[in-house]
Amino acid sequence: MGLKRTHPCGILCTDHLGEEVILSGWVLRRRDHGGVIFIDLRDRSGVVQVVFEPKTAPEAHELAHSLKPEYVLSVRGRVRRRPEGMENPKLPTGEIEVEAHELEVLNTSKTPPFPLDEEVPVSEALRLKYRYLDLRRPGGLEPLIFRHRVAQLARQFLNEQGFLEIETPFLTKSTPEGARDYLVPSRLYPGKFYALPQSPQLFKQILMVAGVERYYQIVRCFRDEDLRADRQPEFTQLDLEMSFVDEEDVMGLMEELMVYIFRETLGVELKRPFPRITYEEALSRYGTDRPDLRFGLELVEVSDIFRGTSFKVFAQVLERGGMIKGLCAPSDFSRKELDELTAFVGEFGAKGLAWIKVREDGFQSPIVKFFSEESLQKLREIFNPKPGSTLFFVADDPSVVNEALSELRKHLAERLDLIPEKDFKFCWIVDFPLVEWDEDEGRYVAVHHPFTSPKEEDMPFLEENPERVRSRAYDLVLNGIEIGGGSIRIHRKEVQDRVFKLLKISEEEAQEKFGFLLEALEYGAPPHGGLAFGFDRLVMLMAGRNSIREVIAFPKTQRAQCLLTGAPAPVTMEQLMEVHLLPGWEEE
RNA sequence: GGGGCUGUAGUUCAGCACGGUUAGAACGCCGGCCUGUCACGCCGGAGGUCGCGGGUUCAAGUCCCGUCAGCCCCGCCA
């Protein structure tokens, strides 16, 4: 390579006037006037206009005729001010241009399968197959640069707080419960398998037993489950764990971390402390344990108001122990829109959606005739509805009511444009139940995981009334998306034994599955707890993107394929034999 | 496993409800011209397995069935 780069393209400005520079980058566009030729040269830093003139540099000018998009160049030239009136305000470097003296073509390029020079939409499948071109588009690297920055800030913050970054194994042991594992066959041990970790949970607890006291890791995790816009089979956690702490210590430090990252990247000043909402209250007011606090439309239970009503649908639901909740939307809806909303809640199991329109002269609805003036007055007091708004009600079992209205709440907020742009509303959800009854398995299962500590004051109910026991777990929710979760762990074996008993995990089973952790707990395990962020989700939300694929360099499709490499792919018979996997599966 | 949206030129799309000449547009690409453009301009040209398979029909891009792929959602994700 003859010409060695001296400057990035995107930083050149009037400070560099008269300087001789050597630039390297890709041809974004060529504007060839036969005489003068303009090349927009792009590198990671940005774009600058290079001018080839027949008089100034005949050789370079001649060669420049042959340039095409995505050719790779080095150009030697002089920075000069653009002629009066020829500035391009759309370019950061638009005040200047580079008068080319020498051109070296470092590589040619095939015509790209999609245009790289403009913001035209390109199908995601094509973008993923040619991800290297997709990323090369102007601004294409932005999400990854942003992600890098968030990662570095997190590291910096945690380093200063005395955390050690420690790696944990990827080839580890399958632990049942939780998501489906990705399995790796063992060559040395026929019939045995490693599993890729769903999270470093057990290792980080053991690091606490090892005396690390403060651990973190930005670490890949693997779960073989179906994909979503915010779920990839391999994703990244910012994982951390601390010794000698309670939940307030962890939550407080994590708030500081968020404040720091948001300030340094987005210039957003987050207010501390973040609201703490109990699980029960979140369900009551928002119908979900991950509420979006950027808008109102809160849910209110109105069962008592309608008790004894002659409206059959409500009465029957109440009789069989169901509930009625409602919300007030600040908008009027047409008959057709109301039908659409009814169909919408139907997707979540609601058998109907009752509505009352609020008019200047009172309520209007087909069902309002069933309600006493006293009931209607109470509705007015609760919702304080302005004329022109609409009350919605769902009557059903609590789980259906909450899910349907929670989804309706989000749906209406989007539809009515009630969500402020660039708004970041955090909250902690606390006081989760320790366990919930699993109908299919016929036993209690852990809401978080089996190592989550119960609250001290609820310990007496562990055996008699387990559903009443709250855990020392906490979830961090941002704009209605769970971005982190953690807990204070059980560090004493007798408590762990009682929880296993409650979860109907036998001693033999516990020994087989988590024996190494249980044994570790017996050697002076300190009280400890921690948290894991869904790092991709956090970055996605901060970057204002709709999918974590946008903030991952090489994401997989919804069917879990990598369109770039073609993974997953067949392997040879020899490879299968080596890991003792006999073919036969083709038969199916 | 289930529901929905999408699939037509290299790209982004129109055409499909009501089947009927040779399937269009823009950008890109190829050739030519052009000394101040910046989505340069002008002239000319090439480019199609209408995702794939089957069916209905005299005739299918268009209707029907199946299938594949991408995306969104439910289930699933302690």
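Remember, predicted model here, so these are calculated numbers, not experimental data. Throughout, a chain's letter reflects where its sequence line sits, starting with A, and its residues are numbered from 1.
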Can you tell me how far [atom1] in [N] sits from the matching atom in [M], rounded to whole Å?
N     : M     : atom1 : value
B/A69 : B/U22 : P     : 35 Å
B/G28 : B/G20 : C1'   : 33 Å
B/G51 : B/G36 : C1'   : 46 Å
B/G3  : B/G48 : C1'   : 33 Å
B/C30 : B/C18 : P     : 44 Å
B/U62 : B/G10 : C1'   : 25 Å
B/G7  : B/U12 : P     : 11 Å
B/A26 : B/C63 : C1'   : 30 Å

[X] bridged to [Y] by N-O distance under 4.0 Å:
X      : Y      : result
A/E95  : A/R82  : no
A/R472 : A/E247 : yes
A/K410 : A/D292 : no

Please report, rounded to the nearest Å, how far the [atom2] atom of [N] is from the [atom1] atom of [X].
X      : N     : atom1 : atom2 : result
A/Q49  : B/U37 : CD    : C1'   : 7 Å
A/I548 : B/C71 : CD1   : P     : 12 Å
A/N88  : B/A39 : CG    : P     : 6 Å
A/F114 : B/C13 : CZ    : P     : 14 Å
A/L128 : B/G70 : CG    : C1'   : 9 Å
A/D226 : B/G2  : CG    : P     : 12 Å
A/H33  : B/A39 : NE2   : C1'   : 13 Å
A/L28  : B/G28 : CG    : P     : 12 Å

Who does [N] pair with, Watson-Crick or G-U, both distances under 3.5 Å?
N     : result
B/U56 : none
B/G24 : B/C13
B/G45 : B/C29
B/C18 : none
B/C34 : none
B/A69 : B/U6

Please tell me if [X] has a side-chain N or O lying less than 4.0 Å from either OP1 or OP2 of [N].
X      : N     : result
A/Q198 : B/C77 : no
A/R549 : B/C72 : yes
A/R31  : B/C40 : yes
A/T557 : B/A69 : no
A/R228 : B/C77 : no

Within the structure shown, what part of the strands sits under 4.0 Å from [X] by heavy-atom distance: base, sugar-phosphate, or nothing?
X      : value
A/K68  : sugar-phosphate
A/L91  : nothing
A/D32  : base
A/R29  : sugar-phosphate
A/R80  : base
A/E407 : nothing
A/P121 : sugar-phosphate
A/V445 : nothing
A/E347 : nothing
A/R82  : base

Task: Residue closer to the 5' end of RNA chain B, A/G85 versus A/V447 (nearest nucleotide) - done: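 On the 5' side of the pair lies A/G85.
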Open item on the list: Here's a test of your reading of the structure: between A/E87 and A/H449, which maps to the more 5' nucleotide of RNA chain B?
Closed with: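 Looking at RNA chain B, the more 5' nearest nucleotide goes with A/E87.
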TODO: Answer with yes or no whether A/R30 presents, from its side chain, a donor or acceptor under 3.5 Å of a partner atom in the base of B/C38.
DONE: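 Answer is no: no donor-acceptor pair is held.
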Please report the closest heavy-atom contact between [X] and [Y], naming both atoms and the distance.
X      : Y      : answer
A/L144 : A/I552 : CD2-C, 4.1 Å
A/P450 : A/L503 : CB-CD1, 3.8 Å
A/Q496 : A/F451 : OE1-CD2, 3.5 Å

Given [options], identify the nucleotide with an atom nearest to the side chain of [X].
X      : options             : answer
A/P113 : B/G10, B/C29, B/G70 : B/G10
A/P69  : B/C71, B/C29, B/C77 : B/C29
A/V122 : B/C29, B/U11, B/C77 : B/U11

Heavy-atom check, side chain of [X] versus side chain of [Y], under 4.5 Å:
X      : Y      : value
A/R470 : A/Y279 : no
A/I96  : A/T14  : yes
A/H7   : A/L12  : yes

